[in-house]
Every structure is written in structure tokens, then in C-alpha cells.
Amino acid sequence: MAVPIAILDCDLLLYGRGHRTLDRFKLEDVTDEYLVSTYGFPRQFIYYLVDLLGTNLSRPTQRSRAISPETQILAALGFYTSGSFQTRMGDAIGISQASMSRCVANVTEALVERASQFIHFPEDNASMQQVKDDFYALAGMPGVLGLVDCTHVAIKAPNAEDLSYVNRKGLHSLNCLMVCDARGLLLSAETHWPGSLQDCTVLQQSALRNQFEAGMHKDGWLLGDNCFFLRPWLMTPLHIPETPAEYRYNMAHSATHNVIEQTFWSIRSRFRCLDGSKGTLQYSPEKASHIILACCVLHNIALEHGLDIWSSLTMGQMEQPEEEYEHMESLDSEAFQVRKELLITHFS
């Protein structure tokens, strides 16, 4: 005997047919100030995302009250920038927490699908030279293709037995390897590495390392701190500088590399779901990794639209690096020679 199954609409049960949802809500009815304070971004940016992601978010559904792409994007932005599914955001959007969770999932996957479109190294010589010129203008460090570093994002414990995500502070996290340019635009983002892995191990196993070892990015190098090994394509500071040239090199390196710390601060300040202020990301490592990557995509899109959070917040509030690291000694003679020539040519 067939048993009839009733499909319940959570939004209909919670709010009723007369509830005013964002499917009937027009962006033109509110100010940019309201949109920025509630969803983190102004009207034109939201319109751009609707055009960009609308096809993905309009997939066929068996639900009689499919949520519009505009509503899904506002729901996701509200979560990314506040880190909360709670009453305030639900009331503002007019959908249930369950529906909001689905919206976040849909928008996240749509953004992840476009990650390679917005996060990549320059693809032509002129653009790559501009990256080098921008870095040189900061502190006189030549040949820089990008700044590399790792940052941890807290997640819920996958299970009691899995310790691979427990970092040095005893917390569960993902260790995210990123590269940025002089503006803070992300050129690479690998957000899936378990928190137990040291930064040098993450880089050693990364797609980024494979690209540079294969010679995909030539005539320059990344800058990284001393938690990484010195490589011909990765310049690190001298552990104990002795000569004036070595001191000048270290000062230029530090001033330049500081941009990626500012970038991490900028991303966490804009996307509060990543900063831990509302708790850890309550998702599996895979889903949490996708949320982080989606925020990275939005970060780059925001910079391309002139929405630079560095200029809108006080940089004096920037957090310091998350943890101390062990100085890594390199035995790469070619890398030592590259750094030596750099010292002689540009800092002596």
C-alpha cells in the first residue's frame, strides 16, 4: 500500500502566505547604507552577483515557492558577513533558517565553480610586469610575483577520532594557503588543508608548489616568511642578517610581505563567518573549505569593483599573525645563490 508523503514548506509554515519575503522585496526600496550594514555590500555589487550567478541559482526545483536568485544571494551575503543564521538575519530576509542554509549552500557552490575565473596569476607578460612594478613601488623589492602565507580558519570537529584537523593551539581548523598581489588581490587560494599540517608541509604538497617547480611562473619569485623553506622561486628573510645589504633586504622583505597579513585581516573583517567571533564554521571540512573559497572569490570581485575594505577600516586594529613559527633551514644551494645575487644586485 502506497503511503502518501506530504512535502512541507518551512517558510510557509513559519510565516504564512502573507509574510513579506525578499521575493517581493525590491532593492530599490532600501538605501545602500541598509544593504551594506545588513549584507555587507552596496546595491550595484549585489546586482552584479545576480547577473553572474543567476543561471546557477535558477535551476529547476519541485518546490512551488522557489527562492529567487536575488534572495539566495542576499541570504548568503548576510551569512558570510555576519557569520550568523540567527533571528536578525532570518527576519530581515523573511525565510526560515533551513531555507537560508540551502541558499548559502547554493551560492557557495556557484562561487566555487567560478573560483578559477577570479583567482589566478596574470596570464600575459604585461600584466605580470605590472604586478612586479606594484611590489617594487612598495619597498624596492624586485621580481616579486606574489606574497605567500597560510592562515587558519576554525571549524567544528569532524569527529572525535580525527585529529588531522587539530592545529598547534589544540583547535580544529583548516590551514589555508594563499598568494596575493600588492593590492591584496588573491592570485591563489587553497583552502582545504587540515589544520594539523605545518605551513611548510602545506606548501610542499600544494598545487602552487607544483606550478612553480614546473616553471609555469618564471622570471621572479614569491615572498614568504621563515616558516617556509628558501627556494629559487621563494625568497625568505635572512634568519640573522649581518651586513647592511642583508638588513636592507630583510626590511624590504618585511614591508612587502606585510601586505598579505593586511589581506588576511581584510578578508576576516569583511567576512565575519571566518573570524571566529560567532563561533567556528559548523560544517564538514569540505563544506567549510568551499565557504572559505567562496569568500575569497567575493574578496577579489569586491576589489575589482573598488570596494577596498583597507581604506574603510582602521588598520591599527589589524590582528597580529596567529602563531609563532619555527625557522626553517633550507639546504637548496641554488636558492641560496639566487638570494645572494639578489642581495648583491639590488641591496648592496
Side-chain angles (χ1 to χ4, degrees), residues 111-123 128 131 135 143-155 158 162 164-168 172-181 184-237 253 256-257 259-261 263-264 267 274 284-297 299-300 321-323 325-332 334-335 338:
L111 288 167
V112 167
E113 286 181 18
R114 288 164 174 76
S116 61
Q117 177 183 346
F118 293 100
I119 303 176
H120 58 81
F121 282 87
E123 298 174 350
M128 186 58 82
V131 169
F135 277 124
V144 181
L145 305 178
L147 311 174
V148 61
D149 208 347
C150 289
T151 186
H152 286 259
V153 175
I155 62 171
D162 190 352
S164 63
Y165 292 92
V166 179
N167 61 31
R168 292 172 61 180
H172 290 81
S173 67
L174 291 168
N175 195 3
C176 305
L177 177 71
M178 300 189 192
V179 178
C180 74
D181 69 9
L185 190 77
L186 296 174
L187 307 178
S188 177
E190 299 183 30
T191 59
H192 63 283
W193 297 102
S196 65
L197 296 181
Q198 294 185 13
D199 294 359
C200 62
T201 304
V202 169
L203 180 60
Q204 181 69 17
Q205 299 178 8
S206 68
L208 177 69
R209 172 189 175 273
N210 293 337
Q211 291 175 18
F212 275 86
E213 291 286 352
M216 294 177 61
H217 309 294
K218 300 179 180 179
D219 302 322
W221 37 73
L222 301 175
L223 294 189
D225 57 28
N226 277 326
C227 66
F228 299 115
F229 289 109
L230 181 69
R231 296 285 187 241
W233 46 268
L234 174 58
M235 294 292 101
T236 61
H253 189 293
T256 306
H257 191 264
V259 170
I260 196 164
E261 295 297 341
T263 299
F264 290 159
I267 292 171
L274 307 181
S284 68
E286 180 182 9
K287 290 183 178 179
S289 170
H290 285 187
I291 287 172
I292 300 167
L293 185 56
C295 290
C296 290
V297 173
H299 167 79
N300 274 13
E322 298 168 344
E323 57 184 288
Y325 51 80
E326 180 182 356
H327 173 73
M328 306 304 295
E329 293 288 353
S330 175
L331 300 177
D332 190 326
E334 181 185 356
V338 170

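You'll find the side chain of L187 stays beyond 4.5 Å of the side chain of H120, heavy atoms only. The side-chain heavy atoms of T191 and I291, taken from C-beta on, include no pair separated by under 4.5 Å.
With values rounded to the nearest 0.5 angstrom, T236 atom OG1 is found 10.5 Å from F229 atom CZ. Atom-to-atom distance recorded for L145:CG and K218:NZ is 12.5 Å, nearest 0.5 angstrom. Note that CG of L177 is 6.0 Å distant from OG of S188, once rounded to the nearest 0.5 Å. We find the CD1-CE distance between I267 and M178 to be 5.0 Å, quoted to the nearest 0.5 Å. With values rounded to the nearest 0.5 angstrom, Q117 atom CD is found 11.0 Å from N300 atom CG.
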Kindly list each side-chain donor-acceptor pair under 3.5 angstrom involving residues 200-207, sequence neighbours excluded, with atom names and distances?
unit_1: S206; atom_1: OG; unit_2: L203; atom_2: O; d: 2.7
unit_1: S206; atom_1: OG; unit_2: L208; atom_2: N; d: 3.4
unit_1: S206; atom_1: OG; unit_2: R209; atom_2: N; d: 3.0

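A288 meets the side-chain contact (heavy atoms from CB on, under 4.5 Å) test with I155, L174, L281, Y283; sequence neighbours excluded. Residues satisfying the ring-ring contact (aromatic ring centres under 6.0 Å, His included) criterion with F118, sequence neighbours excluded, are absent altogether. Residues meeting the side chain to side chain donor-acceptor pair (under 3.5 Å) test with T256, sequence neighbours left out: none. With sequence neighbours excluded, the residues satisfying ring-ring contact (aromatic ring centres under 6.0 Å, His included) with F212 are F121, H217, W233. With sequence neighbours excluded, no residue satisfies ring-ring contact (aromatic ring centres under 6.0 Å, His included) with H290.
Formation of a donor-acceptor pair under 3.5 Å by the N175 side chain with backbone atoms of L197 is found in this model. Judged purely by atom type and a 3.5 angstrom limit, T263 uses its side chain to pair as donor or acceptor with the backbone of V259. Remark: the backbone N or O of G224 is paired with a side-chain donor or acceptor of H253 at under 3.5 angstrom. A donor-acceptor pair under 3.5 Å is absent between the side-chain atoms of H257 and the main chain of D149, judged by distance alone.
Of all non-hydrogen atoms in A115 and V297, the two that sit nearest each other are CA-CG2, 3.7 Å. Annotation for C296 and I119: closest pair CB-CD1, 3.9 Å, computed over non-hydrogen atoms. Taking both residues in full, the closest heavy atoms of C295 and L274 are given as CB-CD1, 3.9 Å, listed atom of the first, atom of the second, then distance. Across S173 and H152, no two heavy atoms sit closer than the pair OG-ND1, 2.8 Å. Residue P237 comes nearest to N226 through the heavy atom pair O-OD1, 3.1 Å, listed as atom of the first residue, atom of the second, then distance. Closest heavy-atom contact between H172 and P158: CD2-CD, 3.7 Å.
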Can you check side-chain contact (heavy atoms from CB on, under 4.5 Å) on L293 and L111, steps first, answer last?
-> CA-CA 8 Å; L293 185 56; L111 288 167; over 6 Å; no

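Among L223, L222, V148, the one residue that satisfies the side chain to side chain contact (heavy atoms under 4.5 Å, CB included) test with F228 is V148.
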